[in-house]
Amino acid sequence: MHDSILTYAKSRYLWISIVLCVVSIALYVWHDPAVAPNGGTWLGYTLGTIAALLIVWLMLFGIRKRSYATNMGTTRGWLSAHIYLGTSLILITLLHCGFQFGWNLHTFALVLMLIVIFSGFFGVYAYLRYPTLMTRNRESATRDAMLEEISEIDQNALNLADGIAPEIHAVVLRSIENTKLGGGVLTQLRARDGSDIAIAKIRSAMEQRETQLGAAPAPMQAGQTMIMMVDFLAGRADDKQAEALRKLIDMLSRKRSLATRVARDIQYQAIMEIWLYFHVPLSVTLLAALIGHIVSVFFYW
Amino acid sequence: MAERFKIAIVGSGPGGLSAAARAAERNISHVLLEAEPHLSNTIFLYQKGKYVMDEPAILPLRSPIPFEAGLRETILGKWDESTAKLKVNVRYQHEVSAIQRRADGIFELRCQNGRTVEAEAVVLGIGLQGNLRKLGVPGEDLPFVQYQLDDPEAYEGETIVVVGAGDAAIENAVALARQNNVIIINRKDEFARAKKGNEQAILKAIDDGVIECYYNSAPEKVEALSAGRKPGRMILNTSNGRAQILLDRVIARLGATAPRGFVEGCGVVFPSKDPASVPAISAQYESNVKGLYIVGALGGYPLIKQAMNQGYEVIEYITGNPVEPADAPLLKAKFNNLKGIGTVEQTLAQIQRNVPLLSHITPLQMREFMLDSDIRTPAQGEIIFERNDYTNSFYSIVEGEVHIVVEDKPAPVILRRGEFFGEMSLISGRRRTATVKAGPNCILVETPRRSMNRLISSVEAVKAEIDRAFITRAIRSRFAAEASPEQLQDLASGASLKRYKAGELVFQEGDEGDCLHLVRLGSLTISRNIGGKDIVLTYVAAGNYVGEMALMGEAKRSATARAAIATETIQLDGAAFKKLLNRIPALRLRLQKEFKDRTAANLSMQALPGGGDIISFLMAQGAGEATDILLIDESLCVRCDNCEKACAETHGGTSRLDREAGPTFANVHVPTSCRHCEHPHCMKDCPPDAIRRAPNGEVFIADNCIGCGNCVRNCPYGVIHMASKPPRKPGLIQWLLFGRGPGPGEAPYDPDAEHDPKLKKAVKCDMCKDQAGGAACVRACPTGAAIRISPEEFPAYAQSRR
Ligand SMILES: Cc1cc2nc3c(=O)[nH]c(=O)nc-3n(C[C@H](O)[C@H](O)[C@H](O)COP(=O)(O)OP(=O)(O)OC[C@H]3O[C@@H](n4cnc5c(N)ncnc54)[C@H](O)[C@@H]3O)c2cc1C
Ligand code: HEM
Ligand code: HEM
Ligand code: SF4
Ligand code: SF4
């Protein structure tokens with residue numbers, strides 16, 4: 001049955017991590033080295049080794065995740081363990097170095113590790129929060145279906161606009177060209193699309209036309225504009241055009257709501273992925289720093 | 001005066017063509033009548049560039065016409081060539097509309113084009129495709145009215161009227177609407193006949209104004225116009241009167257009329273009403289009409305090579321040359337492990353004598369039956385199948401005995417020579433209910449599901465006998481722990497089979513309860529009316545019983561039982577059952593306990609707000625016929641598509657599941673993925689019988705798939721694709737370290753794809769039966785959003801969703 005990575009197997013790995021931490025603390029408290037606690041004592045070595053092994057194992061998750069044919073447990077089990085044991089690293093490494101920091105490679109490694117871990121926290125947060133939001137936002141359509149509908153609307157809107165007036169056609173065309181969904185990382189995260197601009201443009205095209213016809217453009221709200229437009233066309237253009245215009249506005253509003261949803265969909269997905277772009281490269285850097293750390297402490301010796 | 005021939009062959013498919021070619025080769029006076037202006041319409045209509053396969057590979061070809069696996073075009077080209085070389089007397093566009101045997105034994109074949117032909121013998125090789133149904137109104141044959149659509153991309157900017165409301169019509173309309181102005185004509189006011197996906201697509205297209213739809217309308221006539229911009233128009237009868245549509249093209253997709261009516265019109269008798277039944281024919285392919293022979297798909301042999309061999313053989317038989325059928329060596333090989341056998345015919349007859357069930361069938365059916373079956377000679381004590389296996393083959397005992405191991409009974413039930421077993425799983429589509437072991441000197445015939453089902457639907461006597469055994473055994477296996485066979489006899493004799501359509505009521509809350517139902521096939525939902533709404537409490541799978549509550553205390557039904565899918569039950573008489581209960585206190589006690597457990601489960605379900613809604617939702621998605629379904633919890637799914645990648649990676653580069661597609665309810669998402677149905681629709685029309693069920697329940701497609709695409713069309717859940725075998729990919733480490741090749745889950749790039757036509761085969765989920773660890777999709781999901789469960793777990797699942 002369905003349960004989350006945190007409660008997987010009755011939170012087995014949480015308990016393992018807690019035990020690991022409690023034992024480490026107990027040892028740390030009980031241990032009374034001649035110098036202040038640090039990575040050089042036997043306990044320091046032990047905890048350091050445990051931490052280093054854990055880090056290597058945590059990195060292996062990336063490989064396990066892609067070994068689809070393996071029968072080494074489920075990815076979910078691995079991730080659950082990854083999260084809890086990864087978190088316990090904070091304590092274990094701090095105890096390892098005896099809370100001694102400096103402007104050196106060692107502390108650099110520690111800081112890197114903390115960044116990796118905290119990015120992991122963000123990941124867990126995102127994984128728990130965004131899936132539900134995403135489902136709600138989609139209203140049971142798929143993203144492709146929404147995109148397809150948008151392009152259909154674009155097509156139909158163009159056809160319609162064609163029959164109204166050249167300037168309206170131009171506006172719709174430009175709006176289509178301006179609708180960019182996805183795009184760069186930042187755009188994805190900001191969740192915006194260009195269809196607002198299109199509606200604004202139509203409005204201004206209408207106003208322009210009104211000016212040409214001699215009436216002063218009154219400042220107005222979007223909703224009012226639409227009504228005004230229709231009124232205006234009903235008065236001076238034929239019914240067909242008015243009808244078409246009303247339809248056009250309906251379409252563009254529908255498109256706007258769709259585009260907003262798609263943009264948000266992309267945003268959610270981007271949030272669920274973006275942190276991995278920190279988590280993974282930094283963990284590789286961490287591994288390098290860690291090797292440096294280990295090599296250097298042996299040289300010191 | 002009609003022309004007279006010795007042999008008239010109707011239909012130039014592989015069967016008919018091969019027959020005509022053999023007749024030509026032997027200089028026998030013959031004529032080959034073909035409805036279309038070309039040979040072999042079925043193969044002609046395959047997709048362009050289709051790779052035609054020559055299954056079964058072990059069967060030798062016996063025909064003057066060449067055939068080996070290759071492109072459709074090559075094969076048709078060679079056939080045209082050898083037809084010309086052999087001077088086969090073909091008459092194209094001669095659709096035979098009636099065949100009559102005169103008193104003098106001469107056949108008269110009347111063609112649609114008015115010609116008549118006479119012949120001493122007729123070979124019917126018209127296949128199963130049938131004739132495409134036409135509009136049936138004036139103008140149905142105008143050049144712009146067509147009944148097929150090969151390539152929707154070929155038309156642009158036209159006004160096209162699509163007639164029909166089935167899958168083909170919808171798929172055509174939607175595809176054409178991309179570049180054309182499409183109008184669809186639907187006789188009814190809904191598209192309920194189509195697959196769900198298609199229905200949604202067309203309704204959406206209509207909603208969006210992309211396609212215009214005339215509901216409750218039917219064409220009255222089609223006319224060509226000489227003036228104006230459009231070449232034609234259609235006059236339409238709508239519910240609001242008549243309408244006219246100016247058009248460029250009409251595409252009518254009205255399905256095909258099965259050839260059965262025509263064949264029956266010729267006097268050929270079909271053994272039962274079941275559409276799957278085939279006419280009974282002799283070992284020489286002769287039907288009940290003397291001198292009328294049937295070869296190929298129409299006779300139940302759905303592969304090209306078989307049809308061609310039969311074409312050859314039938315000419316030999318007609319001319320009195322008793323050749324050994326081409327499949328004789330295959331049969332002989334099967335009988336190899338039998339000691340002291342005679343000829344193939346003798347052995348077949350011996351088997352029929354030993355097994356009364358098989359005595360009802362014709363020699364040709366027996367041949368076919370044995371070709372598909374295997375002879376097994378298990379050593380004493382060997383396990384034939386195990387309880388809870390998902391296999392569904394059927395066994396007849398030719399010699400010796402088998403032991404059925406019954407739980408909580410020390411002595412096994414013994415079945416002897418002439419009896420059969422395995423019918424339970426065959427019929428219910430569910431797990432084996434008991435383990436069966438071989439006794440001494442055991443010889444068995446193991447028959448796969450398809451052949452057995454075909455036999456059951458073709459021979460009424462076989463069906464009746466199996467049903468009778470099923471009822472007795474089902475009752476016994478349910479109540480044998482407490483009751484003796486004699487005590488149960490009473491119950492069995494009063495039992496009857498009931499059939500329900502999906503959604504049909506079995507009984508209703510508040511009804512008087514006077515009987516009990518053992519579900520033998522399909523499944524039921526149990527619901528109660530609470531606050532004016534039907535709340536589903538639970539799901540009852542095949543093999544269980546319902547309705548006992550009313551017989552054990554309360555007289556009224558405490559809940560409503562409804563068929564979740566097409567369902568059959570064994571209805572047991574209430575009075576006889578009550579009598580049994582009174583006689584056997586132990587049985588009463590057990591049932592009371594089960595009753596208590598059920599009531600408790602129902603109550604806890606009832607207490608859950610919306611718990612039953614999830615079951616209802618799943619049932620609406622057809623999960624009632626599933627044995628194992630993939631569900632995704634959308635509140636956990638991070639849309640990483642690792643499941644799809646895992647599937648593709650473990651299955652030759654094509655994912656067999658589409659995570660995103662499919663409906664969602666209360667965050668429970670049913671992706672497009674195989675449910676391993678109890679009675680898989682995909683198995684229905686597979687010519688080489690390539691779709692099988694593995695012991696753990698996985699429905700999978702074996703390598704002998706010929707790529708015909710029937711299963712793609714038959715699966716209502718759209719989970720089968722056609723794909724070619726991908727090239728090898730470099731390993732994961734190479735990708736990680738050197739960026740070699742496509743990444744995990746990405747489709748492999750195939751450098752030869754462009755110039756080398758690939759043989760495409762059907763691919764679908766096989767539930768990772770070859771993966772040691774089990775379903776890769778589930779194991780690859782990092783968050784546990786993807787799970788696979790079986791319908792029995794639905795109630796527990798619904799409760800866990802709180
Ligand atoms: C898409 C698809 C792919 C397939 N791929 C393969 C494959 O790769 N390998 C394989 O072995 N099998 C394949 N099959 C199965 C194979 O096509 C059939 O088993 C085979 O064609 C049956 O041959 P037949 O001679 O019985 O009839 P058909 O081939 O169906 O021929 C019947 C002929 O009779 C004509 N006819 C019908 N009615 C009349 C009438 N009243 N008067 C005159 N003529 C009439 C028809 O026009 C047609 O030409 C495939 C089937 C399909 C649908
Ligand atoms: C095989 C594993 C390890 C070994 C053998 C090891 C060894 C040591 C030793 C000998 C010291 C003392 C150095 C000194 O006092 O100058 C030390 C300090 C330290 N180690 Fe490790 N270590 C290991 C793993 C780690 C890991 C995984 C981390 C965290 C990412 C880490 C972080 C530190 C830090 C922050 C210090 C303190 C540096 C300082 O005093 O400024 N070590 N380690
Ligand atoms: C030093 C500690 C850690 C290291 C080296 C590390 C390393 C990794 C690596 C290599 C991956 C694989 C990503 C991929 O290939 O796609 C990963 C994934 C992940 N890690 Fe960590 N990690 C660490 C700590 C943590 C912690 C503490 C958490 C959470 C609290 C965490 C949460 C995750 C999550 C949620 C994923 C994503 C899983 C997925 O979507 O497939 N990690 N980590
Ligand atoms: S492919 Fe379709 S019909 Fe066949 S078992 Fe799967 S879901 Fe059922
Ligand atoms: S598996 Fe599907 S495509 Fe392959 S032969 Fe069977 S029905 Fe045809």
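Proteins come first, then strands; the chains are lettered A, B, ... in the order of their sequence lines, and each starts at number 1. Fair warning: this is a prediction, and the values are worked out from it, not measured in the lab. The figures that follow rest on heavy atoms only: side chains count, while hydrogens, waters and symmetry mates do not.
Residues B:R639 and A:Q269 approach most closely at O-NE2, 3.0 Å, considering heavy atoms. In terms of heavy atoms, B:A776 sits closest to A:Y68 at CB-O, 4.0 Å. The two atoms that bring A:S4 and B:L636 nearest to each other are CB-CD2, 3.7 Å, heavy atoms only. Closest non-hydrogen pair, B:C637 versus A:P131, comes out as O-CB, 3.2 Å.
Interface residue A:R64: only side-chain heavy atoms are found under 4.5 Å from chain B. Neither the backbone nor the side chain of A:M251 comes within less than 4.5 Å of any heavy atom of chain B. Contacts between B:T783 and chain A at a heavy-atom distance below 4.5 Å involve backbone atoms as well as side-chain atoms. Of the atoms belonging to B:Q771, it is side-chain heavy atoms, and not backbone ones, that fall under 4.5 Å from chain A. B:P782 touches chain A through backbone and side chain together, each having a heavy atom under 4.5 Å away. No part of A:R254 comes within reach of chain B, as not one of its non-hydrogen atoms sits under 4.5 angstrom from that chain. Heavy atoms closer than 4.5 Å to chain A are found in both the backbone and the side chain of B:L631. Residue contact with chain A, scored on non-hydrogen atoms closer than 4.5 Å, involves the side chain of B:V210 exclusively. With a threshold of 4.5 angstrom between heavy atoms, A:Y127 approaches chain B through its backbone and through its side chain.
Comparing A:N71, A:I5, A:T135, A:T132 by how many heavy-atom pairs each has under 4.5 Å with chain B, the most go to A:T135. Between chain B and the options A:T74, A:I153, A:L133, the largest number of non-hydrogen pairs under 4.5 Å is found for A:T74. Of all the listed residues (A:L128, A:D144, A:N156, A:T70), the one sharing the greatest number of non-hydrogen pairs under 4.5 Å with chain B is A:T70.
We find the NE2-CD1 distance between A:H2 and B:I789 to be 8.0 Å, quoted to the nearest 0.5 Å. One distance of note links NZ of A:K65 with NZ of B:K645; it measures 7.0 Å at 0.5 Å rounding. Of the inter-residue distances, the one linking A:R76 atom CZ with B:C781 atom SG reads 7.5 Å to the nearest 0.5 angstrom. With values rounded to the nearest 0.5 angstrom, A:T142 atom OG1 is found 10.0 Å from B:R659 atom CZ. Put simply, CZ on A:R136 and CG on B:N667 are 8.0 Å apart, with the number rounded to the nearest 0.5 Å.
Taking a 6.0 Å sphere around CZ of A:F278, one finds it holds 12 or fewer heavy atoms contributed by other residues, nucleotides or ligands. More than 12 heavy atoms of other residues, nucleotides or ligands lie within 6.0 Å of CZ in A:F122, so this atom counts as buried by the packing criterion.
We find that B:K204 and A:E148 are not joined by a salt bridge, their nearest charged nitrogen and carboxylate oxygen being 4.0 Å or further apart.
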